[in-house]
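The block underneath contains the structure these notes are about, expressed in structure tokens.
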Protein chains: 2
Amino acid sequence: MTDVPLDFVPVPGVRLSTTAAGIKRWERDDLTLIELAPGGTAAAVFTRNAFCAAPVTLARHHLIRTAPRYLLINAGNANAGTGAQGLRDALACCEALAGVTGCATEQVLPFSTGVIGEPLPVVRIIDALPRALAGLSEQGWADAARAIMTTDTVPKLVSRRFVADGHSATVTGIAKGAGMICPDMATLLAYLATDLAVSPEALQAILGRAVAPSFNAVTVDGDTSTNDACVLLASGAAPLAPVTKLDSRVGQALAQTVSEVCRDLASAIVRDGEGATKLVSIDVVGARDCEEARRVAYTIAHSPLVKTALFASDPNWGRILAAVGRSGIENLDIDRVTIHLDDLCIVRDGGRAPDYTERAGGQVLARKEFAIRVGLGRGEVAARVLTCDLSYDYVRINAEYRT
Amino acid sequence: MTDVPLDFVPVPGVRLSTTAAGIKRWERDDLTLIELAPGGTAAAVFTRNAFCAAPVTLARHHLIRTAPRYLLINAGNANAGTGAQGLRDALACCEALAGVTGCATEQVLPFSTGVIGEPLPVVRIIDALPRALAGLSEQGWADAARAIMTTDTVPKLVSRRFVADGHSATVTGIAKGAGMICPDMATLLAYLATDLAVSPEALQAILGRAVAPSFNAVTVDGDTSTNDACVLLASGAAPLAPVTKLDSRVGQALAQTVSEVCRDLASAIVRDGEGATKLVSIDVVGARDCEEARRVAYTIAHSPLVKTALFASDPNWGRILAAVGRSGIENLDIDRVTIHLDDLCIVRDGGRAPDYTERAGGQVLARKEFAIRVGLGRGEVAARVLTCDLSYDYVRINAEYRT
């Protein structure tokens, strides 16, 4: 769990700082400020949970009106399920930051993560703003990756350099999340930035494409958060013409790099899933359409029986088979279904493969990373979902979360 | 967990026996035989899992052709995921019993429950048949309730007498199941019998109506089994005219009693859910239609975060709210949503109820049985799902199941 590199490349035009606002009774930095240079652009995707948090509502509203100068992120309190007071509290934080910096209130995007339903400690956040502003630095990415954590055990930080039109450019991103992970159009909190100049429309398109196979294809526990948000900033500090089209050479290079950073951050989130001891890729092939491929993959990924068997390194493949069978695929021909653990075939012709042995199955499941591969034998479409196992520690972490 | 009564009223015309066939390496009765008097009728509902077990396929096939004389049930091996050999094995058991008793092979219905994917020990089952036949008795219900158990910790047996046309009649039933519980048109294994004479059509209608709000409205872990089956037998031993219509006085009394027995058996299954320490009713009201009411109820009932909070007696209601929000109800007006724990209001007007206290919430969750009541405020339809909490023991039981 300690193989996540904390090396990173700073992004010119983007500065970060962290400070201890005392959101909860703890001794750690819990308030993160990200500053985008004037003239930069931003794109974002948010949770589809109907009970979305107050900061999600407000950030969405602000982003429609103008490009942001500041992202203000607190850990320890989700400001969700807080009704009208929650909106007033989120707005008060934005107004206070605008007052100190001279930007417009709409140029501040608020984000919160933590316990749902507690009032946001607005005064403590506002009191911390001068310290946060004083600490801004292009070197702040690693501290920010740590300060946005809640039940995460490792910070998630990914950095990539790429060459665009002969110049070197950068995409650096951080993310947090370990539980309530089944993102729907976004993940918990993720912040990426590039030093290229990019039009808002191109930036949103790049982010949308990157999120689908990364953050939107991972699950820890099937619980979609109220606070999911993923933001991509473009500072324009690099000496290159603005990207306005995805099919330009620079646009393609940027889109590719953003996708890679999102994919790496998303797999880091599953690897650090609450109580997780294994990273498991559920690969479904031979589906008629994307929806049924994803449905089968998610049914396996959410099955408590499959997840406890993964934890036990028990090749109890009957549970995988039962999950495929109950996933609601119409007219599934079970004689065409195949199930592999990595390259080991365990099910074909409607039953256990004759050459399969429990010992070989146990060897695959003892690995820290492996794939469950399901062939439906009814089409050409594939889908992949990343997930983890269900361990004693998942129960412990979530039974003790608020104590 | 020891409050399940093992008193019962025998059903004239129905005899049972149990014997130790040695399906697994254990010292216990694991083979159950149920005999129905000649002229009796039967109705059944089965799992909708596409990977249904060989005995389910065969029992369905036999039941279409004729009324059964024998139900042959083994615990310890599901005979599921066993392909063509599984079907041959199930048929061999039916043929052997037919050979010894002189009935037709189609008059034997096979049932299996246990580990998926292992070959059925056919020879051991056939060797045990003479002992099983010799032991048949109308007094065998309690032993049968024990012999069909797998990870169950208590037998489930419910018996009801009722008065029909001035005569006393009986419905007695047994069920098993503790994990892989999310029945879809049936539950794991349940066998009910009455001494009334009932036409096959009326019997099927009575069972269908009884199953919907009982076995089809409970969930332990969301995993629908490959082997679910629920059978209702009518022996005709009572000195009453056959029931052919549900709207007759006797038909109504029988339907009512069968529904009650199914409801009691279904709640006994959840109460004995793997690792369960609490029985929780999820009551959704104010829905536009039954589908959305059930969808919200099941989303809450399947949320690992809600279930671990229930285990911890932690009134972390934000998790309930997040589950409602992600259940996929279009245009949900969150300001109209209410959430109660029993009679305690925790959410209204889109946030925490002003008069709610954590202490009061914790008091409700400390109960062994309580209700989570969700009002959607958009219609008149209600649904109820029974579920249990997610504890360390659920992980232990399912991580160690095959060891």
Side-chain angles (χ1 to χ4, degrees), chain A residues 48-52 78 80-86 115-117 179-180 182 184 221-226 302-306 308-309 311-312 314 316-319 321-327 329 332 334-335 337 347 349-352 390-392 394-403, chain B residues 48-52 78 80-86 115-117 179-180 182 184 221-226 302-306 308-309 311-312 314 316-319 321-327 329 332 334-335 337 347 349-352 390-392 394-403:
Chain A
R48 284 190 175 173
N49 192 306
F51 273 102
C52 72
T82 43
Q85 185 62 46
V115 177
I116 296 174
M180 206 177 261
C182 183
D184 182 14
D221 50 16
D223 276 306
T224 302
S225 161
T226 48
H302 289 157
S303 161
L305 290 173
V306 171
T308 46
F311 169 55
D314 176 7
N316 193 337
W317 52 271
R319 296 178 179 178
L321 175 142
V324 174
R326 75 173 165 91
S327 58
I329 305 304
L332 180 66
I334 65 168
D335 289 337
V337 171
V347 171
D349 301 328
R352 180 163 63 178
L390 172 59
S391 70
Y392 294 110
Y394 180 88
V395 178
R396 183 185 56 73
I397 292 163
N398 285 298
E400 295 174 1
Y401 180 48
R402 303 202 310 172
T403 60
Chain B
R48 283 190 175 172
N49 193 306
F51 273 104
C52 72
T82 44
Q85 185 61 46
V115 176
I116 296 174
M180 205 175 263
C182 183
D184 183 13
D221 50 17
D223 276 306
T224 303
S225 161
T226 49
H302 289 157
S303 161
L305 290 173
V306 171
T308 46
F311 169 56
D314 175 8
N316 193 336
W317 54 269
R319 295 178 178 178
L321 177 141
V324 174
R326 76 173 165 89
S327 58
I329 305 303
L332 180 66
I334 65 168
D335 289 336
V337 171
V347 171
D349 300 329
R352 180 164 62 177
L390 172 59
S391 69
Y392 295 110
Y394 181 87
V395 177
R396 184 185 55 73
I397 291 164
N398 286 298
E400 295 176 1
Y401 180 49
R402 303 202 311 172
T403 58

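Since this is a predicted model, take the numbers as computed values, not measurements. Letters A, B, ... are given to chains in the order of the sequence lines, protein chains preceding strands, and every chain is numbered from 1.
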Of all heavy-atom pairs linking A:Ala399 and B:Ala312, the shortest is O-CB, 3.0 Å
Looking only at heavy atoms, the pair that brings A:Arg319 and B:Asn398 closest together is NH1-O, 3.1 Å
Sequence neighbours excluded, the answer for salt bridge (Lys or Arg N to Asp or Glu O under 4.0 Å) partners of A:Arg352 is none
Check: Does the side chain of A:Tyr394 come within less than 4.5 Å of B:Val395's, by heavy atoms?
Finding: no
In this structure, CG of A:Leu390 is separated from CG of B:Leu390 (nearest 0.5 Å) by 6.0 Å
Rounding to 0.5 Å, atoms CG (A:Asn49) and CG (B:Leu321) come to a distance of 7.5 Å
When the 4.5 angstrom heavy-atom criterion is applied to B:Ser391 and chain A, the contacting part is backbone
Options [options], ranked by heavy-atom pairs under 4.5 Å with chain A, top entry:
options: B:Leu332, B:Val337, B:Asp349; answer: B:Val337
options: B:Ala80, B:Pro304, B:Gly81, B:Ala84; answer: B:Pro304
options: B:Val306, B:Ile334, B:Ile329; answer: B:Ile334

Residue set satisfying ring-ring contact (aromatic ring centres under 6.0 Å, His included) with A:Phe311, at least two apart, ordered chain then number -> A:Tyr392
Answer key: most heavy-atom pairs under 4.5 Å with chain B among A:Ser327, A:Ala323, A:Ser303 is A:Ser303
Under 4.5 Å to a heavy atom of chain B? For A:Thr82 that would be backbone
